[in-house]
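Remember, it's 1-based here, ligands and their atoms both numbered in the order they're listed.
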Amino acid sequence: MKRAIYPGSFDPVTYGHLNLIERGSKLVDEFLVVIFNNPNKKPMFTVEERLAMLKEATAGIPNVVVDSCGGLLNEYAKSKNCRLLVRGLRFYQDFEYEFQRALLLKKVDPELETAFFMTEDKYSYLSSSAVRELALFGGDISQMVPPCVEKMIKAKNIITLK
Ligand code: ADP
């Protein structure tokens with residue numbers, strides 16, 4: 001079975017992520033979307049909340065599996081018998097970060113390949129942090145995230161502002 005892993009924070013999942021999930025899932029038998037906690041970022045949503053929103057947002061794509069992992073990405077990939085990682089590229093800052101990350105992973109596990117998907121231009125501006133920021137100030141995020149995520153963000157903002 002051909003598998004790919006799309007690791008990320010997905011805090012929250014956006015239409016940019018979903019576009020990549022739709023495109024990537026067409027190329028393999030099983031497409032694993034896996035939440036990894038990025039230690040450099042303080043998440044808005046718990047892993048459980050992110051699992052729930054990813055599952056709902058990808059429910060229409062039969063070969064997508066949503067999971068989370070607190071350990072090492074290369075060990076997770078090995079446990080799933082998977083040698084292909086997928087990441088996305090938007091603006092030039094992504095290149096620097098992703099290039100370094102992919103090279104490091106290659107050192108850790110030379111068998112593991114990272115493939116990059118170029119963003120679609122209509123999503124090139126879109127990031128989870130932009131969504132979080134906009135939502136915090138009551139901006140319209142309906143073009144950026146699916147309705148289930150918008151609902152969860154609104155609930156979260158009310159709670160945090162109390
Ligand atoms: P991480 O904290 O691991 O960078 P993110 O959830 O921010 O996790 O992003 C996961 C991956 O999705 C990254 O490779 C990122 O570049 C990519 N990505 C995020 N938003 C978009 C988008 N709008 N278009 C294409 N790729 C994207």
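Below 3.5 Å of separation, one finds an N or O of Gly88 facing an N or O of ligand 1. Checked by distance only, ligand 1 and Thr119 come closer than 3.5 Å through their nitrogen or oxygen atoms. At least one N/O-N/O distance between Arg87 and ligand 1 falls below 3.5 Å. Between Phe117 and ligand 1, not a single N/O pair is under 3.5 Å apart.
Within the structure, the closest approach of Glu98 to ligand 1 falls below 4.0 Å when heavy atoms are considered.
Asn63 contributes a side-chain N or O that, together with a main-chain N or O of Val28, makes up a donor-acceptor pair within less than 3.5 Å. Of the possible donor and acceptor atoms, one in the side chain of Arg87 sits under 3.5 Å from a partner among the backbone N and O of Pro7.
Across Ser9, Pro43, Ser128, heavy-atom proximity to atom 2 (O) of ligand 1 is greatest for Ser9. For the residues Phe116, Tyr6, Phe36, the heavy atom positioned nearest atom 17 (C) of ligand 1 is part of Tyr6.
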Contacts table for residues 125-132: side-chain donor-acceptor under 3.5 angstrom, sequence neighbours left out:
residue	atom	partner	partner atom	Å
Ser127	OG	Ser129	OG	3.3
Ser127	OG	Ala130	N	3.1
Ser128	OG	Pro12	O	2.8
Arg132	NH1	Asp11	O	2.6

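Of the protein's non-hydrogen atoms, Lys41 NZ, 3.6 Å is the one closest to atom 7 (O) of ligand 1. Closest to atom 9 (O) of ligand 1, if we only count protein heavy atoms, is His17 NE2, 3.6 Å.
Near Gly8, meaning under 4.0 Å from one of its heavy atoms, ligand 1 places the atoms 3 (O), 8 (O), 10 (C). Close approach to Leu20 involves these atoms of ligand 1, each under 4.0 Å from a residue heavy atom: 26 (N). Each of the following atoms of ligand 1 lies closer than 4.0 Å to a heavy atom of Phe10: 6 (O). Near Tyr123, the atoms of ligand 1 lying under 4.0 angstrom from a non-hydrogen atom of the residue are 22 (C), 23 (N).
Applying side-chain contact (heavy atoms from CB on, under 4.5 Å) to Phe31 and the options Val86, Ile61, Val65 leaves one that passes, Val86.
By the criterion of a heavy-atom distance under 4.0 Å, the side chain of Arg90, and not its backbone, is placed next to ligand 1.
Lys154 has a carboxylate O that lies under 4.0 Å from a charged side-chain N of Glu150, or vice versa, which qualifies the two as a salt bridge. With respect to the salt-bridge test (charged N to carboxylate O, under 4.0 angstrom), the residues Glu30 and Lys80 do not qualify.
By the 6.0 Å contact criterion, NZ on Lys106 is enclosed, its count of non-hydrogen atoms from other residues, nucleotides or ligands being greater than 12. The 12-atom threshold is not exceeded at CD of Glu56, counting heavy atoms of other residues, nucleotides or ligands nearer than 6.0 Å.
Lys2 has its side chain within reach of Asp29: a pair of non-hydrogen atoms, C-beta onward, lies under 4.5 Å apart.
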